[in-house]
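To keep things clear, I will list the structure first and then write my remarks on it.
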Amino acid sequence: MKCRKFSVQRNLLLWIGGAILLVIIFVLVFGPSLCTHDPLKVDYTLKLRAPCREYPFGTDGMGRSVAARVVYGLRTSMKIAIVVMLISCVIGVCVGVLSGYVGGSVDLILMRVMEVVLAFPDTILALAILGTLGGGMKNQIIALALVRWTKYAKMARDETMRLKKEEYMEAAVAMGNGRFRIVLRYVLPGIIGQILVLATMSIGPIILSGATLSFLGLGVQLPNPELGLLINEGRDFIRSAGHISLFPGLVTALTTLGFNLFGEGLNDYFDPRLKEKAVSD
Amino acid sequence: MIKYIGKRVLSAAGVLLVVSMLTFFVMQMTPGDTAYVMLTHTFFGTGDLITQEDLDIATEMYDLDRPLTVQYGEWMLGALKGDLGTSYIYKKPVMDLLKLKLPYTCILGFLAFFLGLLLAVPLGILTAVYRNRFLDQAIRIGSVLASSVPGFWLGLILIMFFSVKLKWLPVSGMNEGLKSIVLPCVTLMLGMMPVMIRVTRSSVLDVMGQDYMLFAKAKGQSLFQALLHHGVRNLLPPVITMASLQMGNILGGSVVIETVFMWPGIGNLLYNSIMAKDTNMLQGCVLTIALGYILSMICADILNAALNPKTYRGGGRMA
């Protein structure tokens, strides 16, 4: 009975997360055509309007529609998050598999490199890189990717080492497969599930850290909208017009929540250890 | 045990050395001439008035034309003596500024860290003991929600509600003593609690499934007694390790939170030094924070080793 209850709940996370993501995707695809206002058009006669029918999220200090800016900002944020996810995933998996499969001194060196990267708190490393390279969207992506790859590398390394001990791996070697072929045909398919789960789960945190960097003015530059930047724009108006920060933040939180729930659901679904635990409960 | 601690500290010192090198060389690669950046801040305030001659003088004054490795060596020697160079914008030794600002960050950070732990660990134990019941679900949903909210935005919303609307707490700064620390502290705490609750929950669940817990129950101990007598030692290590990693989150979060709340700590200093391209200052801030983070990881390892001698008797583990 308990087991069944757990399974319903497990699906629930996936379903709620999926539903939120569908809404987000809808806004990403159709948002711009639904917006009647230009997110960049300045009109001081309309400034600081409270939310109304014409402007569902109100207008900002320069009379721009906050709703339109949020729609475009969400696009920018998602673009950054996905690019960062892809880059860090590729770097991390390459390093991890190489380290785990080859082992020896290669492993030692790569792990020392990782140790140094991990000696900085994530945000601090990203800030230091941005402080050196200067702000902007491209550098923001580089900084975030340089911070995030370690998560994949760690996972890929552990999993590769685990797979290496499996019998079928021995068989693959005995069959005369080359190293590259073994990695491609036997190692990667074995860890792809976990990579996908980790990738899904990492999008939420990437959106948050991306927004943090833009909020600090070190990421996407004005006047382009980005969620963190939009929240920052509202900082000057927290006494008079709270909605300017409120809505971009809500959208950021909702998007992150969608990805977190969906990733969580996927994780529960794929993680066999958790299933065992649920049964043994 | 002492040998283990020594080894751990040594390897951390090695990491710190590489970290300092990395920080130094990366910082020196900043686009834009260091001499130019210095002059714009120090003497003129605008870039148009600087002539080549001024640049040459500045380069000579601060020995900027020598090879980077030599510069690093000198900087390192100075750093060991407690001299991290001079801040270009504040025109004061970096070390003095760090000493001035560090206490504020420590007060805020430690308060948030320990209060967060004090709340998160019991909550995690509760969710594990009442797993899959209403309380567990409620706390879990709450923590997923909390981990999805951007900290800086939460800070702004808290300011809007408690400071602007209700006027209970000051908007920013730290002139009102205890009152002014409440909001930044709560914001930082909410950032670290979800992860801690989750780790505690899974660690307790893990321990509760062990045979010795069953035995303790068979002896007639209640669940809490058994957890207290036999569980704690085994459920704490993952919690301690995660707590040390969360220290990093608090340190990183402090940059953002201190900026939002105008808290005069190291995070704020770091942010200002990035904005002003104050390389020496930035270097000092980054190194201090990395040092704090590494220290917290060493503390966690030593605590874990004390709890579980297997850690240092049977082979080490990664930092």
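Throughout, a chain's letter reflects where its sequence line sits, starting with A, and its residues are numbered from 1. A quick note: this is a predicted structure, and the numbers were derived from the prediction, not measured.
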- Pick one of side chain, backbone, both or neither for B:T23, based on which atoms fall under 4.5 Å of a heavy atom in chain A. side chain
- Task: Considering only heavy atoms and a distance below 4.5 Å, find which of B:I294, B:L245, B:I274, B:L154 pairs most often with chain A.
- Result: B:I274
- Is it the backbone or the side chain of B:L251 that comes under 4.5 Å from a heavy atom of chain A, or both, or neither? both
- Inter-residue atom distance B:Y271.OH - A:L127.CG, 0.5 Å rounding: 9.5 Å
- Between B:M160, B:M208, B:M247, B:Q283, which residue shows the highest count of heavy-atom pairs closer than 4.5 Å to chain A? B:M160
- Task: Check each atom of B:L145 against the heavy atoms of chain A and say whether the ones under 4.5 Å are side chain, backbone, both or neither.
- Result: both
- Note on the structure: Of B:A12, B:A290, B:S163, the largest count of non-hydrogen pairs under 4.5 angstrom with chain A goes to B:A290
- Of all the heavy-atom pairs spanning B:L282 and A:G131, show the shortest one and how long it is. CD2-CA, 4.4 Å
- Message: Rounded to the nearest 0.5 Å, what separates atom CG in A:L261 from atom OG in B:S148?
- Response: 6.5 Å
- Query: At a heavy-atom separation under 4.5 Å, does A:L250 approach chain B through its side chain, its backbone, both, or neither?
  - Reply: both
- Item | Pairwise side-chain contact, B:I289 with A:P121, heavy-atom cut-off 4.5 Å (strictly under) | yes
- Query: What heavy-atom pair brings B:M297 and A:L118 nearest, and what distance separates the two atoms?
  - Reply: CE-O, 3.9 Å
- Message: I'd like to know which of A:I207, A:T212, A:L125 tops the heavy-atom pair count under 4.5 Å against chain B.
- Response: A:T212
- Task: For chain B, find which of A:S209, A:A211, A:A126 contributes the most heavy-atom pairs closer than 4.5 angstrom.
- Result: A:A211
- Sub-3.5 Å donor-acceptor pair from the side chain of B:W153 to the main-chain atoms of A:S245, do we have one? yes
- Task: Output the option from A:L130, A:T123, A:V117, A:L254 having the highest count of non-hydrogen pairs under 4.5 Å with chain B.
- Result: A:T123
- Message: Please classify the contact between B:L270 and chain A as side chain, backbone, both or neither, with a heavy-atom cut-off of under 4.5 Å.
- Response: side chain
- Counting only heavy atoms not in B:Y130, do more than 12 sit closer than 6.0 Å to its OH atom? no
- Task: Would you please test A:L216 and B:F152 for side-chain contact (heavy atoms from CB on, under 4.5 Å) and show each step?
- Result: CA-CA 10 Å; A:L216 291 173; B:F152 54 91; over 6 Å; no
- Note on the structure: Under 4.5 Å to a heavy atom of chain B? For A:D122 that would be neither
- Distance, nearest 0.5 Å, that separates CG of A:L218 from CE of B:M275: 4.5 Å
- Heavy atoms, side chains only, cut-off 4.5 Å: are B:T259 and A:R235 in contact? yes
- Task: For B:S147 and A:L208, work out which heavy atoms get closest and say how close.
- Result: O-CD1, 3.5 Å
- Looking at A:G228, A:A119, A:G204, which one has more heavy-atom pairs under 4.5 Å with chain B than the rest? A:A119
